[in-house]
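Below is one structure, written out as C-alpha cells; the observations come after it.
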Amino acid sequence: MKNNKILFWSVTVALAGFLFGFDTVVISGADLSLQELWGRGELFHGFVVMASALWGTVAGALFGGIPTDRLGRKTTLIWIGVFYFISAVGSASVSDPWLFAAFRFLGGIGVGVSTIAAPTYISEIAPAADRGKLVASYQFNIVFGILIAFLSNYLLSCVGDNAWRWMIGVEAIPALIYTLLVLGVPRSPRWLLVKGHQPEEAQRVLLLINPGADAGAMMAEIAKDNQQSDLDETIFHPRYRFSLMLAFLLAFFNQFSGINAFLYYAPRIFETAGLERSSALLSSVGIGVVNMVFTLIGLSLIDRFGRRQLMYIGSVGYIFSLGMVAIAFALGWQGWYVPLFLFVFIAAHAIGQGTVIWVFLSEIFPNHLRASGTSFGTSVHWVLAAAIPSVVPILFTSIGTAPVFAFFAFMMVLQLVFVWRMMPETKGVTLEELGETLNLKNAVV
C-alpha cells in the first residue's frame, strides 16, 4: 500500500469485523451453561437463546442498506459500535432468557448492518489494485475476533458459575474502542457524490485518498456511471438479475458449507467426537488459529490469483474435509480425527469463501445500488446463518452427526459447479468498469 491513510481507515472500519467475529462465536462458550441454567429444551435453546443474535443479524442485513444509504457509511458504522456495546453489557447482566435474547438480538443487528456498511465503505475508498486485500481485511478481523472469542472463553471458563457472563460481557471493551476510532475516518467519496450530493467534500476526500491524482477526472467517471443508470430503480430491475443471482448463490453456498453451524457448536461437536470439555474448548482455540492463518494467506493471494481461483481451492478443500468428518462420525472414529478434519475445513473456508464473500458482494453492484445489493446478498447469508444453526441440535439428535456433515459436503460439490459455470473474475478492475461489464451479462441472462 502506497497510501498509509487508506490502510489505516480500512483497518479501522474493518474492526467492525472483529466485533462481528467475537459476537458470533462468544456464545459457543456459554452454550451448555445457558442450557443448564434455563433448561427450556432443545428447540427453545436453539431458536431463542443461541440464535437470537443471528435473527438480529437477519434484520440488520435486511434493512441495513437503508441507513447505509441515507445516513451514510460512516454514521452507520458509528451506530454499529454503539449497538455492540449495549448488547454486550445488557446480555451479560440479565438473568431472564427473553431479556438475554433481546440484547443478543441488538448485537446481531450490529453484525448484520456491519456486513453491508464496512465492505461497502472500504470498497469505495480502495484503489482497484488493492481492493481485494483491503476489503478482505474485514474478514481477517472477523476470524481474529473468532480466535480471541475462543481464547477468551477458554481463559474465562474457570472463573465460576457466572463464567458465561464474563465471556459475553468482555465484548464491551473492543466495542467502545472501535466506536471511538471510527469517528476519525472520512466519509465515502462515492456516497458523498451519489447519495450525499456534496461534491466539494467528495473532492477533498478523493485528494486525501489519491494525492497526486486528478480528482476531477475521478469524479467525472463516477458521475458518468450514475448518469447511465436510473437512480430510482432497485436491484430487482432486470438489468441487475445476473448480479442478483451471483449474490444469492455465493451467500447461499457460504452457509450451506455448515460454517456457522460448526462455529456455534464447535465445543459440542468436539465432545461428541470423544474429547473432554476442557479439551474441546482448547480445540476451539486451535480452530481460531487455523482460521486466522489461512485468512492471512487468502488476503495475500486474492489480488494476485483473483476471487475465482480462491473459490476453486476452497471448494475442493470443503468437499474433502466435510466428507472425511462425515465418514469419521459414521465409523465412530474417536479422539483427534474429527478435530483434524475440521481444521482442514476451516482452512478451506478461510482461504476461499471466507476471504472472497464480502469482497465479491461489495464489487458486483453499481455505486447507487451497492448498499442495497450488498444488503440482498448479506440477507440471504444471514437468513440461512440463523436458520441452519437453529436446527443443528435437533438434526444431530434426530438423524445423527454424520448425515448432517455428508449433506454439507454434497452442497459444496454444487458450489464447485457454480464457480466453474457462473462466477466472473473481478480482480484489478475499477468499480465503474465492473458495472459496465456486469451490465452486459445482466442483459443476456
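Start at 1 with the first residue, then count along the sequence. Predicted model only: the values in this text are computed from it and were never measured.
Looking at heavy atoms from C-beta onward, Arg304 lies in side-chain contact with Leu301 at the 4.5 angstrom threshold. Two residues are said to be in side-chain contact when any heavy atoms from C-beta on lie closer than 4.5 Å; Ile27 and Ile168 meet this criterion. Side chains of Tyr84 and Phe20 form a contact here, defined as non-hydrogen atoms less than 4.5 Å apart. Side-chain contact between Asn260 and Ile388 is absent, with no heavy-atom pair separated by less than 4.5 Å. Side-chain contact check for Arg131 versus Leu431: some heavy-atom pair is nearer than 4.5 Å. Contact of the His349 side chain with the Asn254 side chain is registered, since non-hydrogen atoms from C-beta on lie closer than 4.5 Å. At a threshold of 4.5 Å between non-hydrogen side-chain atoms, the residues Phe18 and Tyr178 do not count as touching. For the pair Ser10/Ile125, a side-chain contact is recorded, criterion being any heavy-atom separation below 4.5 Å from C-beta on.
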Lys133/Asp130 under side-chain contact (heavy atoms from CB on, under 4.5 Å): CA gap, chis, key distance, verdict: CA-CA 6 Å; Lys133 65 174 70 73; Asp130 298 308; 3.2 Å; yes

Pair Phe8-Val185, side-chain contact (heavy atoms from CB on, under 4.5 Å): steps then yes or no: CA-CA 9 Å; Phe8 177 75; Val185 304; 5.8 Å; no

Would you please test Leu342 and Val325 for side-chain contact (heavy atoms from CB on, under 4.5 Å) and show each step? CA-CA 7 Å; Leu342 285 173; Val325 170; 3.7 Å; yes

Pair Phe85-Thr179, side-chain contact (heavy atoms from CB on, under 4.5 Å): steps then yes or no: CA-CA 9 Å; Phe85 181 83; Thr179 306; 5.7 Å; no

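Remark: the backbone N or O of Phe103 is paired with a side-chain donor or acceptor of Ser87 at under 3.5 angstrom. Listed for the Arg104 side chain is no donor-acceptor partner under 3.5 Å among the backbone atoms of Val49. Here the side chain of Ser375 pairs a donor or acceptor atom with the backbone of Ala61 at under 3.5 angstrom. Side-chain atoms of Glu171 never come within 3.5 Å of backbone atoms of Ala88 as a donor-acceptor pair (strictly under, hydrogens ignored). Within the 3.5 Å criterion, the main-chain N or O of Val111 finds a donor-acceptor partner in the side chain of Ser114. Of the possible polar contacts, none joining the Arg370 side chain to the Thr120 backbone as a donor-acceptor pair under 3.5 Å is found. With hydrogens and angles ignored, the 3.5 Å screen pairs no side-chain donor or acceptor of Arg73 with any backbone N or O of Ala117. Proximity of a side-chain donor or acceptor of Ser243 to a complementary backbone N or O of Ile364 within less than 3.5 Å is detected. Between the side chain of Thr24 and the backbone N or O of Gly21, no donor-acceptor pair lies under 3.5 Å. The backbone N or O of Glu124 sits less than 3.5 Å from a side-chain atom of Arg190, completing a donor-acceptor pair.
Across all their heavy atoms, Met412 and Phe253 have their closest contact at CE-O, 3.2 Å. For the pair Gln255 and Ile259, the tightest heavy-atom approach, listed with the atom from each and the gap, is NE2-CG2, 3.8 Å. When all heavy atoms of Ile302 and Val359 are compared, the pair lying nearest together is CD1-CG2, 3.9 Å. A pairwise comparison of heavy atoms in Ile122 and Ser137 identifies CD1-OG, 4.4 Å as the closest pair. Pairing each heavy atom of Pro424 with each of Phe360, the nearest pair is O-CE1, 3.7 Å. Among all heavy-atom pairs drawn from Ser362 and Pro119, the shortest one is CB-O, 3.8 Å.
Between the side chains of Gln139 and Thr295, no donor-acceptor pair is found at a separation under 3.5 Å. A side-chain N or O of Thr426 and one of Arg307 form a donor-acceptor pair less than 3.5 Å apart.
In this structure, CG in Leu183 is found 10.0 Å from OG1 in Thr75, a value given to the nearest 0.5 Å. Summarising the geometry, atom OG1 belonging to Thr355 is positioned 9.0 Å from atom CG belonging to Leu296; distances are rounded to the nearest 0.5 Å. Summarising the geometry, atom CG belonging to Leu369 is positioned 10.0 Å from atom OG1 belonging to Thr374; distances are rounded to the nearest 0.5 Å. Within the model, atoms CG of Leu19 and CZ of Phe22 stand 9.0 Å from one another, a figure rounded to the nearest 0.5 Å. Asn141 contributes atom CG, which lies 9.5 Å from atom OH of Tyr138 (distance to the nearest 0.5 angstrom). In this structure, CZ in Phe418 is found 12.0 Å from CG in Leu414, a value given to the nearest 0.5 Å.
The aromatic rings of Trp79 and Phe83 sit perpendicular to each other, their planes meeting at more than 60°, with 30° as the lower class boundary.
Of the listed residues (Phe252, Trp358, Phe248), just one forms a ring-ring contact (aromatic ring centres under 6.0 Å, His included) with His381, and that residue is Trp358. Among the candidates Phe405, Trp333, Phe329, the single residue satisfying the side-chain contact (heavy atoms from CB on, under 4.5 Å) test with Phe341 is Trp333.
Heavy-atom contacts from other residues, nucleotides or ligands closer than 6.0 Å to CZ of Phe256 number more than 12. Heavy atoms of other residues, nucleotides or ligands lying less than 6.0 angstrom from CD1 of Ile173 number 12 at most.
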